[in-house]
Amino acid sequence: MPTVDSDELGSTQVAKGKHVVPEGVVVEELDGSKKKLAEICPPPLAQLLAEKNLRMVYDKMVQAIVKESNTRNVFGMWKDEEFVSIVDLFRDEFAEQGVKVVLCKRKSGSGTFRWLEFINVDVASNYVPQYDVENHSGQVVKTIYTTLEFPYGVAVEQLRGNCCRDGTKKLKEKMPIYVEKMMEEKDLMTEYDSLIDAFVKEGVGSRFKNWKIDKLKAIVDRHSPVFEQKGVALFLSLKSEYVSHGQHGGHYEHFRWLEFVDRSLQPNYYPQRDAATNSEKCIIS
């Protein structure tokens, strides 16, 4: 059976519950073989295709994906560019019936998840898929076990290292280009400088000057309203990973970063690792 779960509000969980899409978006997870893709169409998708008179177009697209040998690599993993190139051949036919088709990918320490989103624009006209493989900006956060990717419309700034040694210096002297561009476009440079000053002065411990997540959360909460007034959502993110030393135990590595979200480009974006909940689960309200 297809691995897609829906709740009573019409939203659908994907990627083992790590992400949720809203009503009006139907999902097909690419978590099996070509044979599974060819033989199993999730019931919610079959219903949408019937309503939009698109089942024949869908079947032709799936047949093309299955027939093309280059859509999977030697390890049996889907190849994004080749997959999208086939979807492109049928994109206009879907669009004529009010359906947008997007290939999405989410990476985490537990694996890489891919799925197709069929967006009914009559229901979810303002929805923007944040894991769209064709909308990756090139910004990444590299942790011990994974590489997190971010879309256009989201500007990322990492809180690197020990604050006392090099963290504050990097914050004050090296502003990421995507952050700088967004702050300039949104006339938020003064507000940004105030936020960074607060991080440097108030976001660390009194003795060892390490970043303190509770203090950082409080600063973000206090400064968020001024960014929101100009159309930018502000999030603090945290990912903690355990590094084993074998029989000698292990230690945790903590990765912290800020996400500035342009709501005109990413109206429903939610952080992958929101420090406010310290959870991987992503929910769209």
Side-chain angles (χ1 to χ4, degrees), residues 4 12 14-15 18-22 24-31 34 37 42 45 48-49 52 54 57-58 60-73 77-108 111-142 146-156 176-179 181-182 185 233 259-272 282 284:
V4 176
T12 302
V14 295
K18 303 296 185 183
H19 182 60
V20 178
V21 298
V25 180
V26 180
V27 171
E28 181 166 24
E29 297 207 58
L30 303 172
D31 57 357
K34 286 185 175 183
L37 179 64
L45 176 56
L48 174 65
L49 295 172
K52 296 290 187 176
L54 282 168
V57 177
Y58 167 84
K60 287 191 297 183
M61 181 181 73
V62 169
Q63 289 170 11
I65 293 169
V66 171
K67 183 178 179 181
E68 176 55 61
S69 60
N70 288 333
T71 52
R72 291 172 81 92
N73 62 26
M77 303 296 292
W78 294 107
K79 297 167 69 174
D80 298 335
E81 289 186 10
E82 287 77 3
F83 198 106
V84 169
S85 69
I86 294 177
V87 173
D88 284 343
L89 299 176
F90 301 90
R91 200 178 299 279
D92 289 345
E93 292 182 82
F94 279 99
E96 288 174 1
Q97 302 301 321
V99 175
K100 182 179 180 181
V101 184
V102 177
L103 175 64
C104 295
K105 178 172 68 176
R106 184 186 192 276
K107 294 181 178 180
S108 74
T112 298
F113 303 90
R114 288 178 175 83
W115 64 92
L116 284 170
E117 293 187 8
F118 296 81
I119 304 166
N120 184 348
V121 297
D122 293 332
V123 178
S125 59
N126 296 322
Y127 171 74
V128 176
Q130 71 181 67
Y131 292 108
D132 182 353
V133 299
E134 296 185 274
N135 197 38
H136 288 164
S137 65
Q139 298 173 97
V140 299
V141 170
K142 292 186 177 181
T146 192
T147 298
L148 305 177
E149 300 174 316
F150 299 88
Y152 287 107
V154 178
V156 178
I177 185 62
Y178 280 93
V179 175
K181 182 179 179 181
M182 186 182 295
E185 290 178 350
E259 297 181 21
F260 300 88
V261 183
D262 183 344
R263 285 304 190 197
S264 67
L265 299 176
Q266 292 288 340
N268 46 256
Y269 180 90
Y270 193 83
Q272 301 177 46
C282 174
I284 298 173

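Hydrogens, waters and symmetry mates are skipped; everything else that's a heavy atom, side chains included, is used. FYI, the numbering just counts along the sequence from 1.
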So the salt bridge (Lys or Arg N to Asp or Glu O under 4.0 Å) pairs with at least one residue in residues 61-70 (sequence neighbours excluded) are none
Smallest heavy-atom separation, Tyr58 atom then Leu37 atom, equals OH-O, 4.2 Å
By side chain to side chain donor-acceptor pair (under 3.5 Å), Arg114 pairs with (sequence neighbours left out) Asp80
Requested in this report: Would you check if Phe118 and Leu45 make a side-chain contact, meaning some heavy-atom pair closer than 4.5 Å?
Outcome: yes
Q.
Under a 3.5 Å distance rule, please check whether Lys34 uses its side chain to pair with a backbone N or O of Val66 as donor and acceptor.
A. yes
Minimal heavy-atom distance between Ser137 and Tyr178, with the atoms involved, is O-OH, 2.9 Å
Heavy-atom nearest pair, Val156 first then Glu259, reads CG2-CG, 4.5 Å
* Is there a side-chain contact between Gln266 and Asn135, using heavy atoms and a 4.5 Å cut-off? -> yes
Review point. Salt bridge check: are Asp262 and Lys181 linked by an N-O gap of less than 4.0 Å?
Key: no
- For Asn126, does the CG atom have more than 12 heavy-atom neighbours from other residues, nucleotides or ligands under 6.0 Å away? no
Within a strict 4.5 Å, meaning less than it, do heavy atoms of the Arg106 and Val14 side chains meet? no
How about Val179 and Gln139: do any of their side-chain heavy atoms sit closer than 4.5 Å?
-> no
Q: Could you walk me through whether Leu116 and Val101 pass side-chain contact (heavy atoms from CB on, under 4.5 Å), step by step?
A: CA-CA 7 Å; Leu116 284 170; Val101 184; 4.2 Å; yes
Checking the side chain of Glu82 only, and the main-chain atoms of Arg72 only, is there a donor and an acceptor separated by less than 3.5 Å? no
Between the NZ atom in Lys60 and the CD1 atom in Ile86, the distance rounded to the nearest 0.5 Å is 14.0 Å
In sequence, state the C-alpha distance, the side-chain angles, and the governing distance for Asp122 and Lys52, and then conclude on side-chain contact (heavy atoms from CB on, under 4.5 Å). CA-CA 11 Å; Asp122 293 332; Lys52 296 290 187 176; 2.8 Å; yes
Separation between CD (Glu28) and SG (Cys104), nearest 0.5 Å, reads 12.5 Å
*asked:* Would you say that Leu265 contacts Val128 through its side chain, given a criterion of any heavy-atom pair below 4.5 Å between the two side chains?
replied: no
Separation between CD (Glu96) and CG (Leu54), nearest 0.5 Å, reads 9.5 Å
For side-chain contact (heavy atoms from CB on, under 4.5 Å), just list the numbers for Tyr127 and Val21, CA-CA rounded to whole Å, side-chain angles, deciding distance to a tenth of an Å, and then say yes or no. CA-CA 9 Å; Tyr127 171 74; Val21 298; 3.6 Å; yes
When rounded to the nearest 0.5 Å, the distance separating OG1 of Thr112 from NZ of Lys105 is 6.5 Å
Report task. Report yes if the side chains of His19 and Gln130 come closer than 4.5 Å at any heavy-atom pair, otherwise no. Result -> yes
**Asked** Does Lys100 pair with Glu134 as a salt bridge, N-O distance under 4.0 Å?
**Response** no
Query raised in the report: Should Gln97 and Leu49 be marked as a side-chain contact (heavy atoms from CB on, under 4.5 Å) after you check the CA-CA gap, both sets of side-chain angles, and the distance that decides it?
Result: CA-CA 10 Å; Gln97 302 301 321; Leu49 295 172; over 6 Å; no
Exercise. With side chains defined as the heavy atoms from C-beta onward, is the minimum distance between Tyr269 and Arg263 less than 4.5 Å?
Worked result: yes
On a heavy-atom basis, the closest approach of His136 and Tyr131 is NE2-O, 4.1 Å
What one should report as the nearest heavy-atom pair of Lys142 and Thr147 is CG-OG1, 3.8 Å
State, with a plain yes or no, whether a side-chain heavy atom of Val87 is found less than 4.5 Å away from one of Leu103.
no
So CG of Leu30 and OG1 of Thr71: to nearest 0.5 Å the spacing works out to 10.0 Å
When every non-hydrogen atom of Phe113 is compared with those of Trp115, the smallest separation belongs to O-CZ3, 3.7 Å
Ring pair (Phe, Tyr, Trp, His ring centres under 6.0 Å) filter on Phe83, not counting sequence neighbours, yields Trp78
